[in-house]
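All values below were derived from every heavy atom in this structure, side-chain atoms included, with hydrogens, water molecules and symmetry-related copies excluded. Residue indices begin at 1 and follow the sequence shown.
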Amino acid sequence: MAAAAAGADGGEGEELLLLSAVEAGNGGGVGGAPAAAGESWRLNFEGFRPPEVHQQERPPTGALHHCLGVLAQGPEDVVAEYYQQQVEMLEGFNEMDTLTDSGFLPGMSKEEREKVARSERLAIRLSNIANMVLFAAKVYASVRSGSLAIIASTLDSLLDLLSGFILWFTAFSMQTPNPYRYPIGKKRMQPLGILVFASVMATLGLQIILESMRSLVSDQDEFSLTSEQEKWVVDIMLSVTLVKLALVMYCRSFTNEIVKAYAQDHFFDVITNVIGLVAALLANYIEGWIDPVGAIILAIYTIRTWSMTVLENVHSLVGQSASPEYLQKLTYLCWNHHKAVRHIDTVRAYTFGSHYFVEVDIVLPSDMPLQEAHDIGEALQEKLERLPEIERAFVHLDYEFTHRPEHALSHEK
């Protein structure tokens, strides 16, 4: 039985677990619970539950673990992490079983979803309003102080303000589809907008670095602030930092990816505000060169942060493959879709903007009527497109799997 899809290879433990489930589903009796009457063809993982002692263990998540990675893990940590991966895989299979049996994924009621959506919109509006007000305050602080570090911190606030506008504009554009001009939708508008925006911001960051270096090598007067200027700068920057810190705590309470992105931007603002203020004060009390050095550090930090964002969005535009764990879930869903499925030839999932395109090749009996085969394929396509991560699914029907893979010529170019 060919239940493993191309590109959906998991670890050795996952392969053994999948094989045992196939045998159990076929009446092999390899530790799995027997399948329901009349559904012995389905994969069944009910009997494959890791011991409770392993389910309760979690791999460490402290700073030492993140810094040292595998070197900081002991044998017990590796075992706990392995069982945690197994539990997550089984939970994903349970979701696919629910989709197969009921036709939809479990979730919140319509009223609960609307309530959460209102809260998320409120968080986004508060973030945008705060970004506008705090940006104006930091512009004033930059003018009053003339500090390059404060100016660099203000540039980072401008990034947040403009990125919020881009997220809003692209979200609005994606919500107004035009099937005639854009037959496959506008899901790639958001990463494309972020790429254009990041290019402009990288140019501004380089300009800050050049101006700071020019200030370091020039013979200008020492940097200094009057007592009144210092009071204004400290009050404004501390107020901005406290507001941003409150927004970090508020936005982190949501699970929406956009709101979590706002929380990350607010956290970066806290860091840049603190570095900018400290650099300006040290330049005022110790040495004037600290101010342009602080500006260079902030500019490099900003460019690095946005460069990582650019790489993430480039991957989503070029069609990066989904993770093996996600491909396993899709393979499991395809096999349990209908008892007439003889083989699963290929399962592909690749990024298309913020969502996935999925290609599935399944093998049906060669003597099956066209109408029945069409209904099986169309039902699988609709089932795949109910998954929230999938934008569009394509199901190809075949009667054998020994031929050359579809689209093989495109991979040879």
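H315 is linked by a side-chain contact (heavy atoms from CB on, under 4.5 Å) to Q320, counting only residues two or more places apart in sequence or in another chain.
Between Y399 and V363, the closest heavy-atom pair is C-CG1, 3.6 Å. S321 approaches L327 most closely through the heavy-atom pair OG-CD1, 4.1 Å. Scanning both residues, I344 and V347, for their nearest heavy atoms gives CG2-CG2, 3.6 Å. The shortest non-hydrogen separation linking S142 to T154 is OG-OG1, 2.8 Å. Of all heavy-atom pairs between A349 and V358, the closest is CB-CG2, 4.0 Å. Contact between Y326 and A322 at its shortest, heavy atoms only, is CD2-CB, 3.9 Å.
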The test is side-chain contact (heavy atoms from CB on, under 4.5 Å); show your working for V270 and N273 and say whether it passes. CA-CA 5 Å; V270 171; N273 291 340; 5.6 Å; no

Test side-chain contact (heavy atoms from CB on, under 4.5 Å) on V395 and I362; report intermediate values, then the result. CA-CA 7 Å; V395 178; I362 61 175; 4.3 Å; yes

Step by step, work out the side-chain contact (heavy atoms from CB on, under 4.5 Å) result for T346 and V360. CA-CA 6 Å; T346 304; V360 174; over 6 Å; no

Any chance you could lay out the side-chain contact (heavy atoms from CB on, under 4.5 Å) test for E400 and S366, step after step, and finish with the verdict? CA-CA 8 Å; E400 55 88 24; S366 59; over 6 Å; no

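When side chains are defined from C-beta on, L330 counts as touching L387, because their heavy atoms get closer than 4.5 Å. Under the 4.5 Å side-chain criterion, counting only non-hydrogen atoms from C-beta, D361 is not in contact with D398. With a 4.5 Å cut-off on side-chain heavy atoms, Y250 and L122 count as touching. The shortest distance between side-chain heavy atoms of V293 and S212 does not fall below 4.5 Å. No side-chain heavy atom of I390 sits less than 4.5 Å from a side-chain heavy atom of H355. Contact annotation: the side chain of H338 never approaches that of L380 to less than 4.5 Å [non-hydrogen atoms, C-beta and beyond]. Looking at heavy atoms from C-beta onward, H266 lies in side-chain contact with S127 at the 4.5 angstrom threshold. Looking only at side-chain heavy atoms (C-beta outward), V234 and L281 come within less than 4.5 Å of each other.
H396 contributes atom NE2, which lies 13.5 Å from atom CD of Q381 (distance to the nearest 0.5 angstrom). Taking CD1 of I275 as the start and CD1 of I150 as the end, the distance is 11.5 Å to the nearest 0.5 Å. The line from CG of L364 to CD of E372 is 8.5 Å long, rounded to the nearest 0.5 Å. Atom CD1 in I271 sits 11.0 Å away from atom OG1 in T241 (nearest 0.5 Å). Distance check, rounded to the nearest 0.5 Å: CZ of R342 to CH2 of W335 gives 8.0 Å. Rounding to the nearest 0.5 angstrom, the gap separating the CD1 atom in I151 from the CG atom in L298 is 11.5 Å.
Seen from the ring of F267, R252 counts as a face-on cation partner, given the 6.0 Å and 45° thresholds.
Between F394 and F357, the gap from one ring centroid to the other is short of 6.0 Å.
Between the side chain of H337 and the backbone N or O of I376 there is at least one donor-acceptor pair closer than 3.5 Å. Between the side chain of E385 and the backbone N or O of A393, at least one donor-acceptor pair lies under 3.5 Å. H343 contributes no side-chain N or O that, together with a main-chain N or O of D345, makes up a donor-acceptor pair within less than 3.5 Å.
Counting heavy atoms of neighbouring residues, nucleotides and ligands inside a 6.0 Å radius, atom CG of L311 exceeds 12 of them.
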